[in-house]
Chemist: 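Structure incoming, see below.
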Amino acid sequence: SSALKPWLDHPENDNEVKSKPVYITTPIFYVNAAPHIGHVYSTVLADYLARWYRFLKAPTLFLTGTDEHGLKVYQAAQKFYNQQNQNQTNQNSADLKLNHQQVQDFCDQVSNQFKSIFKQ
């Protein structure tokens with residue numbers, strides 16, 4: 001297309017640049033809460049950049065992911081299970097001690113939310 005000609009004819013788009021690998025990553029998203037507009041914004045920009053380099057025929061690797069460990073993630077899981085427990089018993093409960101599987105299930109649930117919004 002003639003609209004792309006200035007970019008396609010740019011000296012950086014020669015064969016040397018096309019053979020150099022390009023690595024693009026997003027921040028690693030914590031799974032202590034559901035995805036929000038900031039997650040989408042950074043991922044869409046990174047995806048756009050990866051598609052641009054692929055359009056220029058540069059070997060491109062685009063990575064994104066979630067961080068599923070740490071105190072904040074455990075506390076978010078604890079809050080989630082406390083709310084579930086309160087809804088079921090209609091009474092306040094002390095903070096629950098969670099086992100590994102409960103925390104993993106919480107992480108998987110939130111991580112799947114990230115996967116579903118970035119599926120394409």
Side-chain angles (χ1 to χ4, degrees):
S1 157
S2 62
L4 294 176
K5 189 160 178 41
W7 287 281
L8 296 175
D9 291 340
H10 194 276
E12 287 184 3
N13 297 331
D14 63 12
N15 288 333
E16 179 184 331
V17 170
K18 290 178 184 175
S19 66
K20 292 172 70 175
V22 177
Y23 301 99
I24 300 168
T25 66
T26 66
I28 299 172
F29 305 121
Y30 283 98
V31 294
N32 59 334
H36 57 73
I37 191 69
H39 298 115
V40 174
Y41 179 75
S42 62
T43 303
V44 166
L45 289 178
D47 179 64
Y48 173 81
L49 191 57
R51 289 171 191 258
W52 175 251
Y53 277 107
R54 287 181 185 129
F55 175 77
L56 296 176
K57 306 280 191 250
T60 305
L61 182 63
F62 173 46
L63 296 172
T64 189
T66 56
D67 187 346
E68 300 181 6
H69 79 283
L71 182 59
K72 293 283 187 192
V73 173
Y74 178 84
Q75 289 169 336
Q78 200 172 36
K79 182 179 177 182
F80 172 78
Y81 283 108
N82 278 336
Q83 287 174 344
Q84 271 194 334
N85 189 39
Q86 283 178 336
N87 290 342
Q88 290 173 358
T89 63
N90 291 327
Q91 49 183 281
N92 290 334
S93 62
D95 284 341
L96 299 171
K97 299 283 189 233
L98 302 180
N99 63 43
H100 173 77
Q101 190 59 51
Q102 288 172 303
V103 177
Q104 185 63 55
D105 291 345
F106 173 79
C107 289
D108 291 346
Q109 179 181 352
V110 178
S111 184
N112 285 334
Q113 291 175 1
F114 280 92
K115 287 177 188 175
S116 70
I117 65 170
F118 300 131
K119 195 136 185 145
Q120 288 189 342

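For reference, positions follow the sequence shown, starting with 1.
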Chemist: Can you find a heavy atom in the side chain of V40 that is under 4.5 Å from one in the side chain of I117?
Modeler: yes
Chemist: To check you understand the geometry: which heavy-atom pair defines the closest contact between F118 and H39, and what is its length?
Modeler: CZ-O, 3.8 Å
Chemist: Give a yes or no answer on whether the side chain of Y74 reaches the backbone of L98 with a donor-acceptor pair at less than 3.5 Å.
Modeler: yes
Chemist: Got a donor-acceptor contact below 3.5 angstrom from the Q102 side chain to the N99 backbone?
Modeler: yes
Chemist: When rounded to the nearest 0.5 angstrom, what distance separates CG in L49 from OG1 in T26?
Modeler: 12.5 Å
Chemist: Taking a hydrophobic cluster as the set of Ile, Leu, Val, Met, Phe, Trp and Tyr residues connected by side-chain heavy atoms closer than 4.5 Å, whether directly or through intermediates, do V44 and F114 fall within one such cluster?
Modeler: yes
Chemist: On a heavy-atom basis, which atom in A58 and which in K20 lie closest, and how many Å separate them?
Modeler: CB-O, 4.4 Å
Chemist: Heavy atoms, side chains only, cut-off 4.5 Å: are T66 and I28 in contact?
Modeler: no
Chemist: Kindly list each side-chain donor-acceptor pair under 3.5 angstrom involving residues 29-37, sequence neighbours excluded, with atom names and distances?
Modeler:
{"from": "H36", "atom 1": "ND1", "to": "G38", "atom 2": "N", "distance (Å)": "3.0"}

Chemist: Closest heavy-atom contact between Y53 and T60?
Modeler: CB-OG1, 3.4 Å
Chemist: Regarding Q78 and N82, is there a side-chain donor-to-acceptor distance under 3.5 Å anywhere?
Modeler: no
Chemist: Assess, by modelled atom type and distance only, whether the side chains of Q104 and D108 contain a donor and an acceptor separated by less than 3.5 Å.
Modeler: yes
Chemist: I'd like to check the side chain to side chain donor-acceptor pair (under 3.5 Å) partners of T43; sequence neighbours left out, ordered by chain and number.
Modeler: none
